[in-house]
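What follows is a single structure, written as structure tokens, with notes after it.
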Amino acid sequence: MFESILIADDDPVSRRLLQVSLGNSGYRVAMAADGAAALRMLDERDCPRLAVLDWMMPEVDGVEVCRRIRKGAREPYIYIILLTAKGQKVEIIEGLEAGADDYIIKPFDLQELKARLRSGKRILELQEQLVTAREQLRLQATHDSLTGLFNRMAILEALDREVTRSNRENKPVAVIMADLDHFKDVNDTHGHQAGDAVLQETARRILASLRAYDSVGRYGGEEFLVVIPGSGLDAAAELAERLRQGVSAQAVCVDGAMISTTLSLGLAVSTGEINRPEQLLQQADEALYAAKGAGRNRVETVSRRELSSPPAALPQAR
Ligand code: GH3
Ligand code: MG
């Protein structure tokens, strides 16, 4: 890890010396003959994360390279060692304040440079662990651990975002509130773990029916919220019907038991007057309530006009 390194030095002899000795120490060495070339190379996606920059280079010097890299606050972090003939305290301070992590004074001892590079690698490794931990925390804070879907807070944020965007672009946005029917019976009959497995499979089926720019989250225990940007009533009703069928068409197999479940869905679409997230949520919730009241396993809108219902002979959820 972190075995590639950029050497920027305008002096071909010292460049070659570093290339050979660091190459012999196992580094993959990239070379730049001036600061501008170094900046270009450090701007690439898979650029080296370690850089040894000569202070004195024509046009863009090493300190300026540091400054520009740090200004971009770029990630991943690049660990920079300045190579300088200047040993004056003020100059060293200038280099560090420009964003260098370390410096080494020419003529330098190769063993010392290698030791300083090893400490740079340790810093990069720690930083990598921090980034990974931060990513994991972000994922935990926004996702439901059982289903892997957005959690309630994250799906509400997505709804806010999409409603704001749709108002700005004068486009509709649809919301579907979906709730498993008689889910308590699943737990009572098959146990809580089987219930969890049904929730996971339901989440998977819902997700599989959505487009990349639709969002879905676990809104409550066995309740899901789907946000469909750019969708009018007809398209959203079609999607809701697909979700309903996706869940009811096939029982979920858990430890050999076939568990049939159904989904009730409430649908709301933004209009000129209904264009706030809480209004859409309330309407979808009312529609869901209507779907439950009308016998479950169906899609309804707030107008209580039934959009779909199961075939007459569909078995009870259980
Ligand atoms: P309805 O058709 O009216 O929605 O009936 P229901 O039984 O689905 O609704 P109710 O609100 O009575 O019960 C919901 C059940 O969902 C009760 C609760 O224990 C269960 N539940 C909520 N979260 C989880 C979970 O994470 N895992 C499991 N296994 N069950 C859960
Ligand atoms: Mg329920």
Side-chain angles (χ1 to χ4, degrees), residues 139-156 158-159 175-210 215-227 236-237 239-268 280-318:
L139 213 72
Q140 279 167 17
T142 52
H143 287 72
D144 167 53
S145 58
L146 179 69
T147 60
L149 300 181
F150 278 149
N151 61 20
R152 184 186 175 100
M153 187 193 71
I155 189 64
L156 286 177
L159 174 64
V175 164
I176 297 171
M177 195 91 87
D179 185 282
L180 282 165
D181 296 325
H182 300 304
F183 190 62
K184 193 171 171 308
D185 293 352
V186 172
N187 280 336
D188 291 348
T189 311
H190 302 277
H192 199 85
Q193 274 192 332
D196 282 357
V198 170
L199 278 172
Q200 286 171 325
E201 176 60 15
T202 304
R204 198 193 60 74
R205 290 185 193 180
I206 292 176
L207 203 57
S209 297
L210 301 182
S215 309
V216 55
R218 189 172 175 202
Y219 191 65
E222 18 78 86
E223 196 170 10
F224 302 92
L225 181 66
V226 185
V227 179
L239 172 63
E241 176 56 17
R242 268 209 313 280
L243 298 182
R244 188 191 69 75
Q245 286 178 12
V247 170
S248 67
Q250 223 181 346
V252 182
C253 181
V254 185
D255 291 335
M258 299 304 287
I259 307 176
S260 296
T261 50
T262 58
L263 205 56
S264 291
L265 304 100
L267 171 59
L280 280 167
L281 279 176
Q282 193 192 335
Q283 289 211 340
D285 198 39
E286 281 175 30
L288 171 60
Y289 188 75
K292 292 282 184 187
R296 295 176 170 78
N297 190 18
R298 67 194 64 226
V299 180
E300 296 244 356
T301 62
V302 73
S303 65
R304 315 274 157 110
R305 181 168 63 86
E306 190 180 310
L307 290 171
S308 81
S309 58
L314 207 96
Q316 272 286 302
R318 181 140 271 274

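All heavy atoms count here, side chains included; hydrogens, waters and symmetry mates do not. Read the numbers this way: they start at 1 and go in the same order the structure lists the ligands and their atoms.
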Distance check, rounded to the nearest 0.5 Å: Phe224 atom CZ versus Ile176 atom CD1? 13.0 Å

Distance check, rounded to the nearest 0.5 Å: Arg218 atom CZ versus Arg152 atom CZ? 12.0 Å

Short list, please: which atoms of ligand 1 are under 4.0 Å from a heavy atom of Gly195? 29 (N)

Any protein heavy atom at under 4.0 Å, with atom 11 (O) of ligand 1 as the reference point? no

Counting from 1, what ligand 1 atoms have a heavy atom of Gly221 closer than 4.0 Å? 22 (C), 23 (N)

Can you give the angle Leu180 O - the Mg ion (ligand 2) - Glu222 OE1, rounded to 10°? 110°

I need the minimum non-hydrogen distance between Asp181 and Thr262, along with the two atoms involved. OD2-OG1, 2.7 Å

Could you tell me whether atom 7 (O) of ligand 1 has a protein heavy atom closer than 4.0 Å? yes

Heavy-atom contacts under 4.0 Å between Val198 and ligand 1: side chain, backbone, both, or neither? neither

Please report the closest heavy-atom contact between His190 and Ala257, naming both atoms and the distance. ND1-CB, 4.2 Å

Out of the candidates Leu149, Val247, Leu243, only one should pair with Thr202 under the side chain to side chain contact (heavy atoms under 4.5 Å, CB included) rule; please name it. Val247

Of the backbone and side-chain N, O or S atoms of Asp179, does one lie nearer to the Mg ion (ligand 2) than 2.8 Å? yes

Between Asp179, Leu288, Val299, which is the residue that forms a side chain to side chain contact (heavy atoms under 4.5 Å, CB included) with Leu265? Val299

Which value, rounded to the nearest 0.5 Å, describes the distance between Leu263 atom CG and Arg296 atom CZ? 12.0 Å

Could you list the atoms of ligand 1 found under 4.0 angstrom from a heavy atom of Arg296? 1 (P), 2 (O), 3 (O)

Can you check whether His182 has an N/O within less than 3.5 Å of an N/O in ligand 1? yes

Return the CD to CD distance between Glu201 and Gln250, rounded to the nearest 0.5 Å. 8.0 Å

Among all protein heavy atoms, pick out the one at the shortest distance from atom 9 (O) of ligand 1; state its residue, atom name and that distance to 0.1 Å. Glu222 OE1, 3.7 Å

Among protein heavy atoms, which sits nearest to atom 13 (O) of ligand 1, and what does the distance come to when rounded to 0.1 Å? Lys184 CB, 3.8 Å

Which ligand 1 atoms does Asp179 reach within 4.0 Å, using its non-hydrogen atoms? 4 (O)

Rounded to the nearest 0.5 Å, what separation is found between the CG atom of Asn151 and the CG atom of Leu146? 12.5 Å

Ligand 1 versus Asp196, non-hydrogen atoms closer than 4.0 Å: side chain, backbone, both, neither? both

Rounded at 0.5 Å granularity, tell me how far CG in Asn187 sits from CG in Leu199. 8.0 Å

Can you report which non-hydrogen protein atom sits closest to atom 20 (C) of ligand 1, along with the distance? Asn187 ND2, 3.4 Å

Sub-4.0 Å heavy-atom contact, Arg218 with ligand 1: yes

With Val216 as reference, evaluate Thr147, Leu207, Leu225 under the side chain to side chain contact (heavy atoms under 4.5 Å, CB included) test and give the passing residue. Leu207

Which ligand 1 atoms are under 4.0 Å away from a heavy-atom of Leu180? 2 (O), 4 (O), 8 (O)

Which protein heavy atom lies closest to atom 1 (P) of ligand 1, and at what distance to 0.1 Å? Lys292 NZ, 3.4 Å

